[in-house]
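Step one of this worksheet: look at the structure below.
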Amino acid sequence: MAFNVQEIRKDFPILQREVNGKPLVYLDNAATAQKPQAVIDCIVDYYSNYNANIHRGVHTLSQEATDAYEGARKKIQEHFNIQHSHEVILTAGTTHGINMIANGFNEFLKKGDEIIVSALEHHSNIVPWQMLCERTGAELKVIPIDEKGVLVLSEYEKLLSENTKLVFVNHISNALGTINPIAEIIKKAHEKDAAVLVDGAQACSHIKPDLQALDVDFYVTSAHKMCGPTGTGMLYGKEDWLNKLPPYQGGGEMIAEVTFEKTTYAGLPHKFEAGTPNIAGGIAFGAAIDYLNSIGFDEIEAYEHELLTYATEQLTLIEGLKIYGTGVDKTSVISFNIEGIHPYDIGTIVDKLGIAVRTGHHCAQPIMDYYKIPGTVRASFAFYNTKEEIDALVKAVKKAKSMLT
Ligand SMILES: Cc1ncc(COP(=O)(O)O)c(CN[C@@H](CS)C(=O)O)c1O
């Protein structure tokens, strides 16, 4: 089917909404993507027709629910070109997955070891590693960015040493849209025998990463960024690493045998899946992947690039407007400010006109510190947005500017 945005928009009930008496113009997709009817129906279907706990029941409902949940795991495996389905850990989301790995490395790090993160990271990919360093005595090193919001790879190479044990970098910056050269970052880390975790939260709705080709050690993402439900996501880990790491939480499901003398743990993936999971969320994660693949990531990438180019052109026509994150490799996120106006004031006014953007530091305060700004206005576009919606954004920003200056 040729890419037809008007047809696609019919799949998203929420896009018919009005906000403050105006048509909703939803441009906060980097915070969470909207949900197509197919994902909504999947959740309703589970709770209406086969709600049961999984992996434990002998009855038909439990088997149906287990088959659907494990079927979703298989879909995730195939989507990301992962070698084994047991290398797919279903999590509560990106933050949960990152903390799972940070916890696991408690026993692997010691004083003198070094962890490298990038200056582009979301707080979820900074704070857990700071906590790990506090626990182990390891030292955190930071890959700097340049004025364009692009990682300075020459500095990364200088930071790498035989003391480097772990490298953490996001695939795409949520604040600036910068796409990082993760294949090169991974290759150079592996030359020093360092493991790499990539935070893919902002990437997986725009591109389809091939995790075996990337040879990444860990990759995390959230379903809600991929038109799936909140509270579910994926941690991919090479089985050798996942077998080395201790469980994250103790409880049901993650055990092989429990005695008061000793407990033995389940194998992968259940070692990392204690307790009753977000069953509906996991199944609907699979439905979201099916939906995105039915549109096609080549089509999504091409169309979103069109939107980014158009929005960049139109916004930069506004006098006094500065865009942050001007690298060549960018996804459809535009962070900007207008000289002399606080981003929060712009966000508040455009909301009155039905337009949803995010303002503030976007959980990436180090980036704002680098630019010496309190925050930005962030407009983030998805494949269901339109050029008419960009025109509405530009008109609203101009109105806000006229009101505030
Ligand atoms: C790069 C990156 N890394 C981690 C996270 C956290 O994802 P969770 O699903 O909340 O665990 C996010 C979520 N960024 C949202 C909420 S702060 C944004 O508005 O940009 C992210 O963008």
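This one's a predicted model, so the numbers in the text were calculated from it and none came from an experiment. As the structure lists them, so they are numbered: ligands from 1, and atoms in each ligand from 1. Position 1 is the first residue of the sequence; numbering continues from there. All values below were derived from every heavy atom in this structure, side-chain atoms included, with hydrogens, water molecules and symmetry-related copies excluded.
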H362 ring center within less than 6.0 Å of H122 ring center | no

Close approach, H123 and ligand 1, non-hydrogen under 4.0 angstrom = no

R378, portion touching ligand 1 at heavy-atom distance under 4.0 Å = side chain

Nearest protein heavy atom with distance in Å, relative to atom 18 (C) of ligand 1 | R358 NH1, 3.2 Å

N or O contact, H96 vs ligand 1, cut-off under 3.5 Å | no

Give a yes or no on whether R56 atom CZ has more than 12 heavy-atom contacts from other residues, nucleotides or ligands under 6.0 Å away.
-> yes

Short N-O contact, E78 and K75, less than 4.0 angstrom | no

Any atoms of ligand 1 less than 4.0 Å from a non-hydrogen atom of D199? List them with their elements.
-> 1 (C), 2 (C), 3 (N), 4 (C)

Nearest candidate to atom 8 (P) of ligand 1, where distance is taken over non-hydrogen atoms, out of A364, G93, S222 = S222

Which residue and heavy atom of the protein sit nearest atom 15 (C) of ligand 1, plus the separation | K225 NZ, 2.9 Å

Does H171 have a non-hydrogen atom less than 4.0 Å from ligand 1?
-> no

So is there a nitrogen or oxygen of Q202 less than 3.5 Å from a nitrogen or oxygen in ligand 1?
-> yes

Answer with side chain, backbone, both or neither: which part of A201 has a heavy atom less than 4.0 angstrom from an atom of ligand 1?
-> side chain

Q16, CD atom: more than 12 neighbouring heavy atoms under 6.0 Å | yes

At a 4.0 Å threshold, what atoms of ligand 1 neighbour a non-hydrogen atom of C363?
-> 17 (S)

Is there a ring-ring contact (aromatic ring centres under 6.0 Å, His included) between F12 and Y384 once you walk through the steps?
-> CA-CA 9 Å; F12 294 79; Y384 43 72; 4.5 Å; yes

Could E191 and K187 be called an ion pair, given the rule that one side-chain N must be under 4.0 Å from one carboxylate O?
-> yes

Mind checking whether Y324 and Y371 have parallel, tilted or perpendicular rings, split at 30° and 60°?
-> perpendicular

For N174, atoms of ligand 1 separated by under 4.0 Å from a heavy atom | 18 (C), 20 (O), 22 (O)

Parallel, tilted or perpendicular, as decided by the 30° and 60° cut-offs, for the rings of H84 and H86 | parallel

Quick one: does H362 get an N or O within less than 3.5 Å of an N or O on ligand 1?
-> no

Please walk me through it: do T32 and H224 pass side-chain hydrogen bond (donor to acceptor under 3.5 Å, both in side chains)?
-> CA-CA 6 Å; T32 194; H224 72 91; 2.8 Å; yes

Before giving the answer on side-chain hydrogen bond (donor to acceptor under 3.5 Å, both in side chains), spell out for H171 and N180 the whole-Å C-alpha distance, their side-chain angles and the decisive distance to 0.1 Å.
-> CA-CA 5 Å; H171 200 155; N180 291 320; over 6 Å; no

Closest protein heavy atom to atom 21 (C) of ligand 1, given as residue, atom name and distance to 0.1 Å | H122 CD2, 3.4 Å

Atom 10 (O) of ligand 1: nearest protein contact (heavy atom, Å) = T95 OG1, 4.0 Å

Cation-pi check, K238 to W241: give yes when NZ or CZ is under 6.0 Å from the six-membered ring centre and within 45° of the ring axis, no otherwise.
-> no

Atoms of ligand 1 less than 4.0 Å from S124 heavy atoms?
-> 4 (C), 6 (C)

Atoms of ligand 1 close to A31 [distance to a heavy atom under 4.0 angstrom, numbered from 1] = 15 (C), 18 (C), 19 (O)

Answer yes or no for K387 and Y310: cation-pi contact, defined as NZ/CZ to six-membered ring centre under 6.0 Å and angle to ring axis within 45°.
-> yes

N125 heavy atom under 4.0 Å from ligand 1 = no

Less than 3.5 Å between some nitrogen or oxygen of N170 and one of ligand 1, yes or no?
-> no

